[in-house]
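One structure is given below, encoded as C-alpha cells.
Index from 1, following the sequence. Quantities reported herein were computed from a predicted structural model and do not represent experimental measurements.
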Amino acid sequence: NKEDDMPLWLAVVLLLLALGGIALSRRYLRHDRSARVLCTVVCALAVLACAVYIGLTVLLVAAVQNRPPTLCRRNKA
C-alpha cells in the first residue's frame, strides 16, 4: 500500500534528527548520566535503522536499474 511506505527523504530527515539528538543529549544532559546514556542509545538505534533503510533502498534501486533485459515471449492466440 502506497500510504504505508516511508519515503526516502523522510528517512534522511529522521537520520539527521537522530544525529542531532545525539549531539544535543551530550551537550545538555551532561549532569544526568543515565538520561544522557538512554537518549544516546535511543538515537543511535534510530540512526542505525535509518541507515539500514537508506542503504537497502539505494541497493534495491541500483539493482533494478542495472538488471539485464529479459526476453519476453508473447502468446499469439
Handout entry: Gap separating the CZ atom of Arg33 from the OG1 atom of Thr40, nearest 0.5 angstrom
Key = 10.0 Å
Practice task
Any chance you could measure Arg36, atom CZ, to Arg26, atom CZ, to the nearest 0.5 Å?
Solution key: 6.5 Å
Completion exercise
Between Val47 and the options Val42, Leu15, Val52, the side-chain contact (heavy atoms from CB on, under 4.5 Å) test singles out Leu15
Exercise for the section: Decide whether Leu48 and Ile22 are clustered together by the hydrophobic rule: side chain heavy atoms of Ile, Leu, Val, Met, Phe, Trp, Tyr closer than 4.5 Å, transitively. Expected result: no
Problem - Cluster check Leu45, Tyr53: I/L/V/M/F/W/Y, side chain < 4.5 angstrom - result: no
Problem - Val61 reachable from Leu56 in the ILVMFWY side-chain graph, under 4.5 Å edges - result: no
Practice task
Find the distance between CG (Leu10) and CG (Leu17) and round it off to the nearest 0.5 Å.
Solution key: 9.0 Å
Completion exercise
To the nearest 0.5 Å, atom CG of Leu14 lies from atom SG of Cys43 at 11.0 Å
Problem - Shortest non-hydrogen contact from Cys39 toward Ser25 - result: SG-CB, 3.5 Å
